[in-house]
2 protein chains.
Amino acid sequence: MSLSSDLLRGYTDTIILRRLAEGESYGYRINREITALSGGAFELKEATLYTAFRRLENAGWICSRWGDEESGARRRYYRMTPEGEEKLKKDCGTWRETRELLNRLLMEE
Amino acid sequence: MSLSSDLLRGYTDTIILRRLAEGESYGYRINREITALSGGAFELKEATLYTAFRRLENAGWICSRWGDEESGARRRYYRMTPEGEEKLKKDCGTWRETRELLNRLLMEE
DNA sequence: TGAGATACCTTGACAGGCGAGGTATCTCGT
DNA sequence: ACGAGATACCTCGCCTGTCAAGGTATCTCA
């Protein structure tokens, strides 16, 4: 079973922010965490992930720095900004509302 | 408070099918029911609604007939097909899965 | 040496939502 | 009689997020 990202459209940013709430991280790791947390049912495509990073950084919700690993592939590390924390909090509230709404609209009355 | 339709993207079809599960209906009425059920928090835009009807009919999940009202504006009535009923059932299952997934990905661990 | 993992990136196509515009009928107050 | 507002339908074209497909570079291990 694998869930379509189209049904999660608009939540990508929030999912990423939620990961960054645990602390600084980087793309590849975040992606594996999401896959693991979903039990393999869902995975963010790379293009979607990196597009989202650009969007989030442009919006001022995250900021990035290049890692200084002396070996291995280079990593770009991301951190949430205070604005990002606000955004995450707000988005979680919106999710709860959306969830209740869809329950009402889709489930038996 | 008003919820963005972007967060509901992909659920429009299911919301409409769910309305038609109650029996034959028409666009304007369905739209008002959705608004009412959401307590005014959400409303399907007309362009979205009629686009969805086309999509659903092309997919064979609903079928339509023009009403024979002898007064008032003309109405186009829609009914679910057996395929539509299957689709609705499946979509409701997908919603439950998506809901659990987002709970896991967005809420505190 | 080469496969596979790690790690990043961009481009262009596609699909759904919707703003803006349109049509036509009926009711009700002035 | 006339205009506003409700009822009821429709289409065109823009915008935005997803993602397939392509790319780069490093490291490990057989």
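Because the structure is a prediction, the values reported are computed rather than measured.
Put simply, A/Tyr50 has no side-chain N or O that comes within less than 4.0 Å of OP1 or OP2 on C/dC9. Considering only side-chain N and O atoms, A/Arg74 lies nowhere under 4.0 angstrom from the phosphate OP1 or OP2 of C/dT6. Using a 4.0 Å cut-off, no side-chain N or O of A/Arg32 falls inside it from OP1 or OP2 of C/dA5. At the phosphate of C/dT25, neither OP1 nor OP2 sits under 4.0 Å from any side-chain N or O atom of B/Arg75. At C/dC8, none of the side-chain N or O atoms of A/Tyr26 fall inside 4.0 Å of OP1 or OP2 (strictly under the cut-off).
If you check distances only, the side chain of A/Glu46 never reaches the base of D/dC19 with a donor-acceptor pair under 3.5 Å.
C/dC18 atom C1' lies 16 Å from atom CZ of B/Arg54, rounded to whole Å. The nearest whole Å value for the distance from the CZ atom in A/Arg29 to the C1' atom in C/dA5 is 17 Å. The CG atom of B/Leu7 sits 13 Å away from the C1' atom of D/dT16 (whole-angstrom rounding). Rounded to a whole Å, the CG atom of B/Asn58 is 11 Å from the P atom of D/dT11. When the P atom of C/dC26 is taken as reference, atom CD of B/Glu69 falls 11 Å away, rounded to whole Å. Taking atom CG of residue B/Leu49 and atom P of nucleotide C/dC18, one finds them 11 Å apart after rounding to whole Å. Spacing between atom CZ of A/Phe53 and atom C1' of D/dG17 amounts to 16 Å, rounded to whole angstrom units. Per the geometry, CD1 belonging to A/Ile15 stands 14 Å off P belonging to D/dG17, to the nearest Å.
Side-chain rings of B/Phe53 and B/Tyr78 approach one another, their centers coming within less than 6.0 Å.
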Can you give one letter per nucleotide of nucleotides 11-17 of chain C, 5' to 3': B if a protein heavy atom sits under 4.0 Å from the base, S if only from the sugar-phosphate, - if neither? ----BBS

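Ion pair B/Glu24/B/Arg65 flagged as a salt bridge, since at least one NZ, NE, NH1 or NH2 atom sits closer than 4.0 Å to an Asp/Glu carboxylate oxygen. Salt bridge B/Arg104/B/Glu100: absent, no basic N to carboxylate O contact under 4.0 Å. Salt-bridge check for B/Glu83 with B/Lys87: failed, with every basic side-chain N at 4.0 Å or more from each acidic carboxylate O.
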side-chain contact (heavy atoms from CB on, under 4.5 Å), that's the test. Do A/Trp95 and A/Thr14 meet it? Break it down for me. CA-CA 9 Å; A/Trp95 158 241; A/Thr14 316; over 6 Å; no

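Screening B/Arg55, B/Arg54, B/Lys90, B/Arg18 against B/Asp13 for a salt bridge (Lys or Arg N to Asp or Glu O under 4.0 Å) leaves a single residue, B/Arg55.
For B/Asn31, there are no side-chain hydrogen bond (donor to acceptor under 3.5 Å, both in side chains) partners at least two apart in sequence or on another chain.
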